Amino acid sequence: MDIERLRRDTPGCAKVAHLNNAGAALPPIPVIEAVSEHFALESTIGGYEAAEQNDAAIRHFYDAVARLVGARADEIAYVENATRAWDMAFYSIPFADGDRILTTTSEYSSNAIAYQQMAAAKGARVDVVPDEAGGTLSLDALEAELAKGDVRLVSLNHVPTQNGLVNPAAEVGRLCREHGVLFLLDACQSVGQLAIDVNEIGCDMLSATGRKYLRGPRGTGFLYVRREILRTLVPPFLDLQAATWKAPDGFELRDDAQRFETWERYVAGQIGLGVAAAYAADLGMADIETRVTGLAARLREELAARPGVAVLDKGARPSGIVTFSVDGHDPAAVKDAARKHGVNINVTNPLSHGYDPDARPAAVRASVHYYNTEEELERLLAALPKE
Ligand SMILES: *Cc1c(COP(=O)(O)O)cnc(C)c1O
């Protein structure tokens with residue numbers, strides 16, 4: 001990868017060492033221009049007229065996202081963030097009394113809260129599959145649970161927000177297919193960071209956000225739903241985009257993934273997210289993944305070598321998210337110290353991952369992207385408080 005060129009294509013790189021890509025990454029110039037140009041057009045000729053004029057760019061979103069994740073364009077919905085994308089899939093599933101939902105210890109709390117709500121409303125049960133010794137979800141334990149025959153859904157994150165592991169999504173997908181169980185993958189932190197193919201993973205539904213590793217605008221996200229199950233899922237909310245009214249008292253659902261959308265949307269964001277997806281796919285997700293995981297491995301190594309610093313990441317396969325603690329220093333103070341040196345990092349919130357048995361009060365989180373440099377990692381290390 002031509003890192004210098006990619007940095008010139010990212011205006012933010014001249015201002016800050018941005019190691020908060022799991023929070024929101026810096027967008028590249030083509031994304032910035034696509035979003036601002038469409039908003040400027042709306043302001044000049046009118047929003048509906050601008051949408052007509054940019055119809056091809058709006059539709060390009062479906063093709064670009066489909067190409068990025070190995071799906072078909074009619075399996076993609078544009079949704080305003082990953083949470084709502086995930087919700088539209090999850091709340092479409094007709095749970096019944098006694099149905100079980102299986103998840104993992106690293107699960108994101110918004111998802112966990114939805115499981116609890118569904119459990120209370122429909123009598124479903126939530127079970128957290130235990131980890132192996134290394135901290136990765138145990139596939140043997142998952143298989144044993146699936147064999148019991150009462151599992152309706154396996155639902156987990158691909159890359160958690162609070163620790164640098166990658167869950168074994170493709171192995172989980174294989175087990176789900178063997179047992180005929182639905183598989184919902186929260187790929188919020190993995191799309192744009194790791195090479196993803198929905199058919200290789202074997203998930204039925206996948207949700208992601210625009211602003212994280214994909215480098216798209218905030219307030220955007222998407223949902224993938226496999227064609228074979230799409231028509232069996234009735235979204236929890238319907239509007240005249242999702243369905244057609246058959247007067248006087250009937251309606252017909254769309255037969256593509258746009259049944260999970262609403263008519264009104266952030267159009268400039270949809271165009272920008274399409275551009276971001278094409279940008280990542282053109283660069284090559286395999287190269288992006290190699291660069292991101294390589295930089296993160298280097299950062300972990302250097303952190304681990306420092307007295308008083310503990311790297312907290314778990315799991316067999318590491319991601320671009322690096323979590324650590326600095327003895328005697330509050331994570332928030334470490335974040336502030338880094339900010340003073342022009343380095344953006346973040347802290348984790350234990351309430352965002354309530355099932356995690358090792359939940360600490362909080363940790364420092366540095367999340368790297370391909371446009372970061374070794375020099376920026378050194379800047380972070382230099383900014384850490386001394387013992
Ligand atoms: C950020 C995040 C979400 C939520 O994404 P939004 O776009 O903020 O709705 C869901 N799951 C994981 C693992 C996340 O890191």
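This structure is a prediction, so every number in the text was calculated from the model and none was measured. First listed ligand is number 1; within each ligand, the first listed atom is number 1.
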- Taking atom 13 (C) of ligand 1 as the reference point, the nearest protein heavy atom with its distance: D186 OD2, 3.6 Å
- Task: Using a strict cut-off of 4.0 Å, indicate which atoms of ligand 1 neighbour a heavy atom of C188.
- Result: 1 (C), 2 (C), 3 (C), 4 (C), 5 (O), 10 (C), 11 (N), 12 (C), 14 (C)
- Contact atoms of ligand 1, heavy-atom distance to Q189 under 4.0 Å: 15 (O)
- Query: Quick one: CG on L233 to CZ on F260, what's the gap to the nearest 0.5 Å?
  - Reply: 5.0 Å
- Task: Measure from the side-chain N and O atoms of N372 to the backbone N and O of H369, and report whether any donor-acceptor pair falls under 3.5 Å.
- Result: yes
- Got N157 and Q189 here, is their nearest side-chain heavy-atom distance under 4.5 Å? no
- Message: Please list, in number order, the atoms of ligand 1 under 4.0 Å from a heavy atom of N81.
- Response: 7 (O), 9 (O)
- Task: Using a strict cut-off of 4.0 Å, indicate which atoms of ligand 1 neighbour a heavy atom of A82.
- Result: 5 (O), 6 (P), 7 (O), 9 (O)
- Message: For atom 7 (O) of ligand 1, what's the nearest protein heavy-atom neighbour? Residue, atom name and distance, please.
- Response: T209 OG1, 2.6 Å
- Message: For a 4.5 angstrom cut-off between non-hydrogen side-chain atoms, does Q116 reach I113?
- Response: no
- Item | Nearest-neighbour protein heavy atom for atom 9 (O) of ligand 1, which is reported as residue plus atom name and distance | T83 OG1, 2.5 Å
- Enumerated ligand 1 atoms positioned under 4.0 Å from heavy atoms of T161: 15 (O)
- Report the nearest protein non-hydrogen atom to atom 2 (C) of ligand 1: residue, atom name, distance rounded to 0.1 Å. K212 NZ, 2.4 Å
- Task: Run the ring-centre check on F237 versus W263 and record whether the distance is less than 6.0 Å.
- Result: no
- Message: Which label fits Y78 and F61: parallel for a plane angle under 30°, tilted from 30 to 60°, or perpendicular past 60°?
- Response: perpendicular
- Could you establish whether R211 and ligand 1 come within less than 4.0 Å of each other, counting only heavy atoms on the residue side? yes
- Message: If the condition is side chain to side chain contact (heavy atoms under 4.5 Å, CB included), which residues does N111 pass it with, not counting sequence neighbours?
- Response: W86, E107, Y108, Y115, D186
